[in-house]
Protein chains: 6
Amino acid sequence: MHIISRFYEDYELGSKRETLGRTITETDFVVHAGHTGDYFPHHMDAEWCKTQPFKQRIAHGTLTFAVGIGMTATEINPEAFSKGYDRLRFVKPVYIGDTISVVVTISEKKESNKPALGHITEHVEIFNQRGELVLVCDHILLAKKKDK
Amino acid sequence: MHIISRFYEDYELGSKRETLGRTITETDFVVHAGHTGDYFPHHMDAEWCKTQPFKQRIAHGTLTFAVGIGMTATEINPEAFSKGYDRLRFVKPVYIGDTISVVVTISEKKESNKPALGHITEHVEIFNQRGELVLVCDHILLAKKKDK
Amino acid sequence: MHIISRFYEDYELGSKRETLGRTITETDFVVHAGHTGDYFPHHMDAEWCKTQPFKQRIAHGTLTFAVGIGMTATEINPEAFSKGYDRLRFVKPVYIGDTISVVVTISEKKESNKPALGHITEHVEIFNQRGELVLVCDHILLAKKKDK
Amino acid sequence: MHIISRFYEDYELGSKRETLGRTITETDFVVHAGHTGDYFPHHMDAEWCKTQPFKQRIAHGTLTFAVGIGMTATEINPEAFSKGYDRLRFVKPVYIGDTISVVVTISEKKESNKPALGHITEHVEIFNQRGELVLVCDHILLAKKKDK
Amino acid sequence: MHIISRFYEDYELGSKRETLGRTITETDFVVHAGHTGDYFPHHMDAEWCKTQPFKQRIAHGTLTFAVGIGMTATEINPEAFSKGYDRLRFVKPVYIGDTISVVVTISEKKESNKPALGHITEHVEIFNQRGELVLVCDHILLAKKKDK
Amino acid sequence: MHIISRFYEDYELGSKRETLGRTITETDFVVHAGHTGDYFPHHMDAEWCKTQPFKQRIAHGTLTFAVGIGMTATEINPEAFSKGYDRLRFVKPVYIGDTISVVVTISEKKESNKPALGHITEHVEIFNQRGELVLVCDHILLAKKKDK
């Protein structure tokens with residue numbers, strides 16, 4: 001984790017960064033349930049899950065999202081701030097023992113309605129250990145322009 | 001937490017449900033950092049925050065989102081599943097000691113490209129104890145239609 | 001979790017409510033030890049447990065009790081408050097991977113020494129995934145009477 | 001934590017042991033809610049609590065019980081096992097920042113229906129930093145008799 | 001955990017104390033990563049570890065150290081305080097499921113540069129369930145002398 | 001967190017790296033006690049601490065060490081591995097609310113008894129928000145030499 005100044009002009013369309021992997025454990029399921037209060041049986045009841053099409057506990061969507069986004073939190077840019085996320089989709093279930101990694105691509109740059117700021121879109125893809133896409137979203141940043 | 005069957009037809013446009021409140025604590029900040037690996041100083045370094053415009057530690061966006069969504073997880077509907085979220089926006093910072101509550105409104109119903117399923121949009125608003133909107137997003141569900 | 005007013009007269013003798021299931025994980029054992037400070041080898045030392053009649057780690061009695069009671073915490077009744085518990089018994093061990101669910105039965109109603117209040121007994125039974133009773137207790141509530 | 005053999009005959013009626021103190025923190029409240037799934041506003045919503053007679057968040061009864069019992073877990077007796085608890089009563093609320101300590105008194109010894117075992121009752125009292133009793137219960141043990 | 005006064009003169013060279021065992025779980029790995037912020041793939045990425053000589057996740061050195069030292073924290077001596085540690089060595093990896101126990105030996109006593117205090121060295125050895133040494137260090141204490 | 005190859009020859013004597021800050025919270029104290037099992041009143045009993053010279057709860061030495069070392073875990077070097085630590089000293093107490101940061105200096109390079117490896121010493125200094133040194137230690141690494 002370190003601080004690097006990146007202005008709107010410094011973001012290069014199409015550039016990518018990729019994280020290392022992290023294995024999603026039963027502990028993460030239990031911690032996430034306890035943190036959020038979501039004890040739905042999909043995540044917490046192994047016996048009930050055996051009776052369902054997915055056969056085993058599946059990660060909360062918010063778990064995969066929050067952990068995946070956390071994995072990309074390595075560089076602090078004081079010239080930009082997070083506005084939110086668009087098109088967040090749960091593509092495939094994440095199971096206990098799956099290992100996820102994240103690819104972030106600068107997918108869009110456009111003017112903002114404030115002339116001193118520009119919109120940056122980071123396209124975020126979370127993959128499991130078989131290379132399957134499990135979650136996708138677009139992170140929307142507002143970045144300062146230089147000399148403004 | 002209980003199981004209630006709700007088909008596409010059962011969702012009533014404009015109907016609302018509201019959660020009780022939950023105080024966001026310093027513990028939640030520390031747990032969220034540890035859960036996600038995001039130790040950005042915005043959330044974890046009280047001294048550095050004093051030098052910033054917001055003056056104090058602010059909650060991770062993913063914290064407010066995950067906890068707020070967790071607070072709405074009270075009813076299991078076996079006829080629907082979560083597809084994802086749209087237009088997630090961090091409207092105002094959440095500070096240690098703020099108490100949040102959530103209002104969910106059925107804001108849209110539309111046909112899906114699969115005739116047996118319909119799209120439901122739940123508009124999710126998270127408020128602090130002063131009634132200020134802090135986070136907003138649209139939850140996208142796919143719900144089964146009756147008799148299909 | 002929601003708020004419903006129930007007065008003494010509203011509790012119906014013999015009525016039952018049942019929770020969904022929750023799988024007790026190794027994480028729950030470790031969290032409970034860390035939360036309570038009870039690191040007895042019965043719960044924490046897999047090697048020592050192999051030399052004991054029960055052969056594997058068993059849940060703290062307070063874990064099964066606290067989690068089981070937590071599973072029943074779905075309805076807030078502002079007209080009643082918890083006085084305590086009677087006849088709490090650890091009937092069978094709970095192992096890592098067991099899935100518990102809880103049945104609560106209104107088993108007794110009687111006058112209190114304060115005329116405005118009545119005693120309610122909730123008989124609490126915690127079962128594992130094989131339907132075996134693992135813990136039993138009586139929850140003692142004091143509930144307001146109507147028009148008093 | 002250490003292992004000491006104590007048979008039925010070794011328990012002395014009226015003998016006492018006392019623990020050191022432990023401050024109950026906001027973290028303990030959040031951990032307990034997450035561990036048990038009990039997010040009742042009495043424990044988790046500081047704003048709502050301000051509108052209630054107790055004015056501030058109060059500890060879950062199961063928190064005070066589980067932590068207090070954990071504080072007494074210092075001596076492993078291979079000759080006895082825990083049968084359960086009787087007359088558990090929540091006498092006074094425990095607030096964030098209260099420091100609790102526990103006194104355990106051997107309050108009863110009696111024959112069991114199995115001749116090789118005897119009943120021991122440990123009377124457990126949990127006090128706050130002002131010396132006020134906050135929780136009381138009777139721990140029921142079955143202890144082996146010597147030479148049987 | 002209890003309080004016992006031990007002065008410099010009371011420490012006997014060569015005397016030993018030994019802890020019970022504790023199984024190091026996947027939960028401990030996840031908790032330690034979250035507590036310290038160290039998410040190195042050696043501890044957190046089961047897939048990457050398969051490609052490494054050690055083949056599976058290994059405990060953080062600071063995990064084995066902190067937990068092992070915690071296991072020895074059973075006796076509070078108001079006459080001594082901890083100065084630090086020397087010659088801390090990670091001798092063998094600790095894997096998920098290993099059970100560790102600790103032997104502490106009084107290995108050195110010597111004068112301090114303050115005449116009222118003496119140096120005590122506790123040699124700390126942490127073993128796994130196969131009796132293999134996994135971590136070793138020397139704990140340096142300063143203890144008061146009697147009648148000074 | 002990223003992977004960078006650094007051989008023995010690449011470590012430059014006297015070079016420094018510095019972390020951002022992290023505020024040590026009451027939550028960290030409670031998590032560390034629960035993780036390690038060390039519930040000594042110095043860390044956990046605010047009332048008892050008021051009667052002691054330090055007046056308030058102080059961090060476990062192993063907490064400051066493990067968190068401080070974790071804060072330096074930003075760069076994975078596949079050419080080196082950690083052998084251990086020397087001269088770890090607890091210089092000043094860390095209190096709840098203190099913010100620590102870490103400076104790591106390459107303080108020594110020397111031949112190892114294996115010709116393909118060299119010894120690197122990283123001198124680690126942990127400071128609080130007033131710039132006071134609170135913990136110091138020497139991290140001992142073995143690094144591969146180039147072309148060997």
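Reminder, nothing fancy here: chain letters follow the sequence lines and each chain counts from 1. Atom set for the values below is all heavy atoms of this structure, side chains included, hydrogens, waters and symmetry mates excluded.
- Contact between Gly68(B) and Val102(B) at its shortest, heavy atoms only, is O-CG2, 3.6 Å.
- Of all heavy-atom pairs between Ile76(B) and Pro78(B), the closest is O-CD, 3.4 Å.
- Contact detail for Val134(A) and Pro93(A): the closest heavy-atom pair is CG1-O, 4.3 Å.
- A heavy-atom distance below 4.5 Å is found between the side chains of Ile24(B) and Phe29(B).
- For a residue to count as touching a neighbouring chain, one of its non-hydrogen atoms must lie under 4.5 Å from one of that chain's; by this rule Ile69(A) touches chain B with the side chain only.
- Note that the CD1 atom of Ile120(A) and the CG atom of Leu141(A) stand 7.0 Å from one another [nearest 0.5 Å].
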Give every donor-acceptor pair between chain A and chain B closer than 3.5 Å, one pair per line, or write none.
unit_1	atom_1	unit_2	atom_2	d
Arg22(A)	NH1	His35(B)	O	3.0
Arg22(A)	NH2	His35(B)	O	2.9
His32(A)	ND1	His35(B)	NE2	2.9
His35(A)	O	Arg22(B)	NH1	3.0
His35(A)	O	Arg22(B)	NH2	2.9
His35(A)	NE2	His32(B)	ND1	2.9
Lys83(A)	O	Phe90(B)	N	3.1
Tyr85(A)	N	Leu88(B)	O	2.8
Tyr85(A)	O	Leu88(B)	N	2.9
Tyr85(A)	O	Arg89(B)	NH1	3.3
Asp86(A)	OD1	Arg87(B)	N	3.3
Asp86(A)	OD1	Arg89(B)	NH1	3.1
Asp86(A)	OD1	Arg89(B)	NH2	3.1
Asp86(A)	OD2	Arg89(B)	NH2	3.1
Arg87(A)	N	Asp86(B)	OD1	3.3
Leu88(A)	N	Tyr85(B)	O	2.9
Leu88(A)	O	Tyr85(B)	N	2.8
Arg89(A)	NH1	Tyr85(B)	O	3.2
Arg89(A)	NH1	Asp86(B)	OD1	3.1
Arg89(A)	NH2	Asp86(B)	OD1	3.1
Arg89(A)	NH2	Asp86(B)	OD2	3.1
Phe90(A)	N	Lys83(B)	O	3.1

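- Of the residues considered (Val91(B), Leu88(B), Ile140(B)), Leu88(B) shows the highest number of contacts with chain A, using heavy-atom pairs under 4.5 Å.
- Options Phe90(A), Phe40(A), Phe81(A), Phe65(A) differ in how many heavy-atom pairs under 4.5 Å they form with chain B, and the most are formed by Phe40(A).
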